[in-house]
Amino acid sequence: MKTEFFQIVPVLPSQNIERDLEWYERTLGFKKIFGDHLYAGIRLENIELHLQWHADTPEDPLRGGSVVRIFLKNIHPYFESLVAKGIMEADKLRINTPWGTNEFGLFDLNTNAIFFVEDI
């Protein structure tokens with residue numbers, strides 16, 4: 001019997017789960033699907049991310065700096081909605097990159113990089 005892989009769920013570090021849940025909903029349109037003040041899951045259509053609280057101490061460092069690339073189709077309407085909210089500047093959408101994508105990115109409140117990518 002062959003092993004089947006279903007999905008991957010990145011777990012991003014967070015200093016404040018409640019604050020970050022609000023930011024992901026207001027900024028990017030994600031909705032909370034479960035969680036508490038230590039660990040939570042969010043979803044935007046078929047994309048799921050988890051947030052895990054860290055104390056940002058030597059024993060439990062925040063680290064941050066994770067990178068997530070979210071692949072989608074028809075990037076323009078989503079990008080334009082973020083421009084309309086004042087979240088993205090209109091010139092930040094990279095069109096027809098040398099590696100064959102349209103894409104843009106931003107940082108969350110914990111310096112995790114979130115990229116939205118459309119293969120062309």
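Positions are given from 1 along the sequence.
L44 and W23 fall within a single hydrophobic cluster, where Ile, Leu, Val, Met, Phe, Trp and Tyr side chains are chained together by heavy-atom contacts under 4.5 Å. Residues I95 and M88 fall within the same hydrophobic cluster, defined by Ile, Leu, Val, Met, Phe, Trp and Tyr side chains chained together at heavy-atom separations under 4.5 Å. Follow the hydrophobic side-chain contacts under 4.5 Å out from V83 and you reach I87 in the same cluster. L106 and V67 fall into different hydrophobic clusters, where Ile, Leu, Val, Met, Phe, Trp and Tyr residues are linked whenever their side-chain heavy atoms come under 4.5 Å apart, directly or through other members.
Listed by chain and number, the residues in a side chain to side chain contact (heavy atoms under 4.5 Å, CB included) with R19 are Q15, N16, L109, N110 (sequence neighbours excluded). With sequence neighbours left out, T97 forms a side chain to side chain donor-acceptor pair (under 3.5 Å) with W99, T101. Judged as a side chain to side chain contact (heavy atoms under 4.5 Å, CB included), and not counting sequence neighbours, the contacts of F71 are R69, V117, D119. Applying the side chain to side chain contact (heavy atoms under 4.5 Å, CB included) test to V68 and every residue at least two apart in sequence or in another chain returns P10, L12, L49, I70, I114. Partners of E22 according to the side chain to side chain donor-acceptor pair (under 3.5 Å) rule, which considers only residues two or more places apart in sequence or in another chain, are R26. Among residues two or more places apart in sequence or in another chain, the side chain to side chain donor-acceptor pair (under 3.5 Å) test is passed with K92 by none. Residues satisfying the side chain to side chain contact (heavy atoms under 4.5 Å, CB included) test with H50, not counting sequence neighbours, are V9, V11, F34, Y39, E48. A search for side chain to side chain donor-acceptor pair (under 3.5 Å) contacts involving D60 returns H54, not counting sequence neighbours.
Between H37 and W53, every side-chain heavy-atom pair lies at or beyond the 4.5 Å cut-off. Side-chain contact between D108 and D20 is absent, with no heavy-atom pair separated by less than 4.5 Å.
When all heavy atoms of I75 and E103 are compared, the closest pair comes out as CD1-CA, 3.9 Å. For the residue pair I17 and A40, the shortest heavy atom distance occurs at CG2-CB, 3.8 Å. Looking at every heavy atom in both residues, S14 comes nearest to L51 through CB-CB, 4.4 Å.
Each of I47, L21, L28 was compared with I42 under the side chain to side chain contact (heavy atoms under 4.5 Å, CB included) criterion, and only L21 meets it.
Among residue pairs with one or both ends in residues 71-89, none qualify as side-chain hydrogen bond (donor to acceptor under 3.5 Å, both in side chains); sequence neighbours excluded. Sorted by first then second residue, the salt bridge (charged side-chain N to carboxylate O under 4.0 Å, His left out) pairs that include residues 31-41, not counting sequence neighbours, are E25-K31.
Here the straight-line distance linking atom CG of L72 with atom CZ of F116 works out to 7.5 Å at 0.5 Å rounding.
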List the steps and the verdict of side chain to side chain contact (heavy atoms under 4.5 Å, CB included) for F104 and L82.
CA-CA 11 Å; F104 68 92; L82 298 180; 3.6 Å; yes
